[in-house]
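These notes concern the structure reproduced below.
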Amino acid sequence: MINFNGSFLEKSTTFFNAENRAFKYGDALFETIKVFNSRVVFLEDHYFRLMASMRMLRMEIPMSFTLDFFESEILKTVRENKLTNARVRITVYRGNGGLYTPINNSVQYLVEASMLQVEKKASYTVDLFKDYYCYSGLLSTIKTTNKLTNILASIYASENNLNNCILLNERKFVAEAINGNIFIVVDNKIKTPPITEGCVKGIVRKKLIDILSKNPNYNLEETPISPFELQKANEVFITNTIIGIQSVTKYKKSNYKTEVADELKEELEVLI
């Protein structure tokens with residue numbers, strides 16, 4: 001069952017029409033959320049990211065869109081699908097009508113819940129995706145439904161037997177992975193691209209930055225990363241809401257360790 005503006009419908013129900021702005025213009029945002037043991041993981045972070053993103057896109061935020069409402073809509077959708085552990089997607093899009101200029105800024109929302117499947121791979125190979133680039137502007141930091149670069153990179157990864165691809169920005173610096181933020185470890189330094197490089201403001205990225213800021217064993221740097229630095233790194237790992245931390249084991253001729261990522265996984269799991 002899906003939750004469409006608070007009402008439950010069968011997944012096969014047709015409820016969009018040709019005026020839908022998410023379909024016509026990608027005028028929409030989404031959040032991917034983990035529910036574990038019937039609890040929304042990092043609830044406040046997801047809520048405030050969505051609200052900030054809606055403000056950036058000049059969407060009208062209904063008075064009813066409170067933190068409690070957000071949590072309630074997630075959990076009742078999970079329960080309706082008879083789940084306790086779930087992958088939830090909330091899509092918010094501007095109401096129907098208009099060309100590039102919308103008729104109004106009111107919104108509708110859709111909540112979907114599916115069984116949570118977390119598969120961390122012991123062997124994980126990545127490469128650069130160089131056909132198209134991310135734009136290093138503020139719009140790239142929010143989760144809009146315009147993900148063509150990620151889609152094309154995913155197809156490239158599938159065609160080349162890769163687990164993931166690293167996306168570059170227009171200056172040819174590392175931005176992120178297809179489905180998450182990227183960190184590299186060089187001795188006691190841990191580097192991740194700053195938001196200004198065009199990466200999504202990841203929730204787990206934020207949590208790891210908080211963890212590392214209190215860890216005297218590592219120096220965290222939010223700094224532009226050249227693709228050449230990937231080959232010199234001791235470790236590379238990818239972060240997202242569903243999987244947490246996924247270690248990369250191979251990039252071109254480089255084979256990576258996983259010790260630091262394994263240590264950080266334990267610290268992150270304490271917060272879940």
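Between Glu31 and Arg49, at least one side-chain nitrogen of the basic residue sits less than 4.0 Å from a carboxylate oxygen of the acidic one, meeting the salt-bridge criterion. Taking the charged nitrogens against the carboxylate oxygens, Asp210 and Lys207 have no contact shorter than 4.0 Å, which rules out a salt bridge. Using a 4.0 Å cut-off between charged nitrogen and carboxylate oxygen, Glu19 and Arg21 do not count as a salt-bridge pair. At a threshold of 4.0 Å, the pair Lys191-Glu229 counts as salt-bridged, since one of the basic side-chain nitrogens sits closer than that to a carboxylate oxygen. Using a 4.0 Å cut-off between charged side-chain N and carboxylate O, Glu221 and Lys189 make a salt bridge.
For the side-chain contact (heavy atoms from CB on, under 4.5 Å) with Phe70, the lone residue among Val111, Leu75, Leu50 that qualifies is Leu50. Tested against Phe237, the residues Tyr251, Tyr256, Phe183 include a single ring-ring contact (aromatic ring centres under 6.0 Å, His included) partner, Phe183. Tested against Glu222, the residues Arg205, Lys206, Lys201 include a single salt bridge (Lys or Arg N to Asp or Glu O under 4.0 Å) partner, Arg205.
When only modelled atom types and interatomic distance are considered, Tyr218 and Glu263 share a side-chain donor-acceptor pair under 3.5 Å. If you check the side chains of Glu60 and Asn104, you find no donor sitting under 3.5 Å from an acceptor. Under the 3.5 Å distance criterion, with hydrogens and angles disregarded, a donor-acceptor pair is assigned to the side chains of Arg171 and Ser136.
Between Thr249 atom OG1 and Tyr124 atom OH the span is 10.0 Å, to the nearest 0.5 Å. Here the CD1-CG distance, from Ile245 to Leu268, works out to 5.0 Å after rounding to the nearest 0.5 Å. With rounding to the nearest 0.5 angstrom, the OG1 atom of Thr192 is 10.0 Å from the CD atom of Glu176.
With sequence neighbours excluded, no residue satisfies side chain to side chain donor-acceptor pair (under 3.5 Å) with Asp68.
Note on ring orientation: taking the six-membered ring where Trp is involved, the planes of Phe65 and Phe69 are parallel (angle under 30°, cut-offs 30° and 60°).
Ring centroids of Tyr93 and Phe16 are separated by less than 6.0 Å, placing the two rings close together.
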